[in-house]
Amino acid sequence: MQIIHSIEALRAWRAHHNDVAFVPTMGNLHAGHLALVAQARHCAKQVVVSIFVNPLQFGAHEDYSRYPRTLPQDAELLHSAGADIVFAPTVDELFPVPQSFHIEPPPFANELCGAFRPGHFRGVATIVMKLFNIAQPKTAVFGKKDYQQLAIIRGMVADFAMPIEIVAGDTMRAGDGLALSSRNGFLNESERRAAPQLYQVLTDLKAQILNGAKDFSRLERSAQDHLTAQGWRVDYVAIRTPELTLPGIGSRQLVILAAAHLGQTRLIDNIEIER
Ligand code: PAF
């Protein structure tokens, strides 16, 4: 496995390797990321993993500066997971001058997480477009935990007719149900104990819907109230179609998404339903 820091060196490597699957990350890797790498290995002969904490996708008061940067440990994990290349550019390498062109996602990027993180998905789409242009993969793997991100990247690739297949990786969970996330490391002991409540709420909603509950607005409200009563600051609980549109009575496939804060830490999660 090679660690590459410059665009030029990655391009030089890429000139001799034509069958590349790509896993973009912000590092501080956990088993969820490693599962995406394992998935990528089934898709292509070579796997490139990028590690870059992207300033474009953090709001002014978000956790960009405290976001954990753990390249040596990440590189060891990726070596064991069978990655071929770690692409770990500096901010100056990717932005020698401030980025002046941006990818503007469609309005649904301003809903759900986008409503609480203005500009977030514009920053994500812009960096992913840039990383795709650098790595030029035939396949890219994204986790379903960031469900809205996955939908936006799928849309971008389709809209721009990019020759890249987007593959979705299932969310990995701790034994108590908490979705693995780099941000879980911010939780103190009591927050960590409370954190699985988010997934619990989603599984309870799923059970109610599978039992025939149809008033989705009421379900969303009661789930929010329940979390709030347990000390969470809830951004949203939303029942949507897999395309993230509002569901009709007859929608067979649904996804329930939630984002909420425990103390200083914002957690997201989602669960799919097939009726
Ligand atoms: O999901 C992430 O870690 C990031 O949003 C991504 C896709 C690497 C872009 O910075």
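As the structure lists them, so they are numbered: ligands from 1, and atoms in each ligand from 1. For the numbers below, each heavy atom of this structure counts, side chains included, while hydrogens, waters and symmetry mates do not.
Taking every heavy atom of Ile127 and a limit of under 4.0 angstrom, the matching atoms of ligand 1 come to 9 (C), 10 (O). Each of the atoms 8 (C) of ligand 1 lies under 4.0 Å from some heavy atom of Pro24.
Aromatic ring orientation, Phe186 versus Tyr67: perpendicular (interplanar angle above 60°, classes split at 30° and 60°).
An N or O contact shorter than 3.5 Å is missing between Thr25 and ligand 1 by distance.
Among all non-hydrogen protein atoms, the one lying nearest atom 1 (O) of ligand 1 is Gln149 NE2, 2.8 Å.
Taking each of His33, Met26, Gln57 in turn, the one with a heavy atom nearest to atom 10 (O) of ligand 1 proves to be Gln57.
The local environment of CD in Glu274 is crowded, with over 12 non-hydrogen atoms from other residues, nucleotides or ligands closer than 6.0 Å.
No option in Gln200, Arg192, Gln197 other than Arg192 meets the side-chain hydrogen bond (donor to acceptor under 3.5 Å, both in side chains) test with Asp176.
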Would you mind writing out the side-chain donor-acceptor pairs for residues 30-41 within the sub-3.5 Å range, not counting sequence neighbours?
{"unit_1": "His30", "atom_1": "ND1", "unit_2": "Gly32", "atom_2": "N", "d": "3.0"}
{"unit_1": "His33", "atom_1": "ND1", "unit_2": "His30", "atom_2": "N", "d": "3.1"}
{"unit_1": "Gln39", "atom_1": "NE2", "unit_2": "Ala168", "atom_2": "O", "d": "3.0"}
{"unit_1": "Arg41", "atom_1": "NH1", "unit_2": "Ala81", "atom_2": "O", "d": "3.4"}

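Electrostatic pairing of Arg122 and Glu104 counts as a salt bridge here, judged by a charged N lying under 4.0 Å from a carboxylate O.
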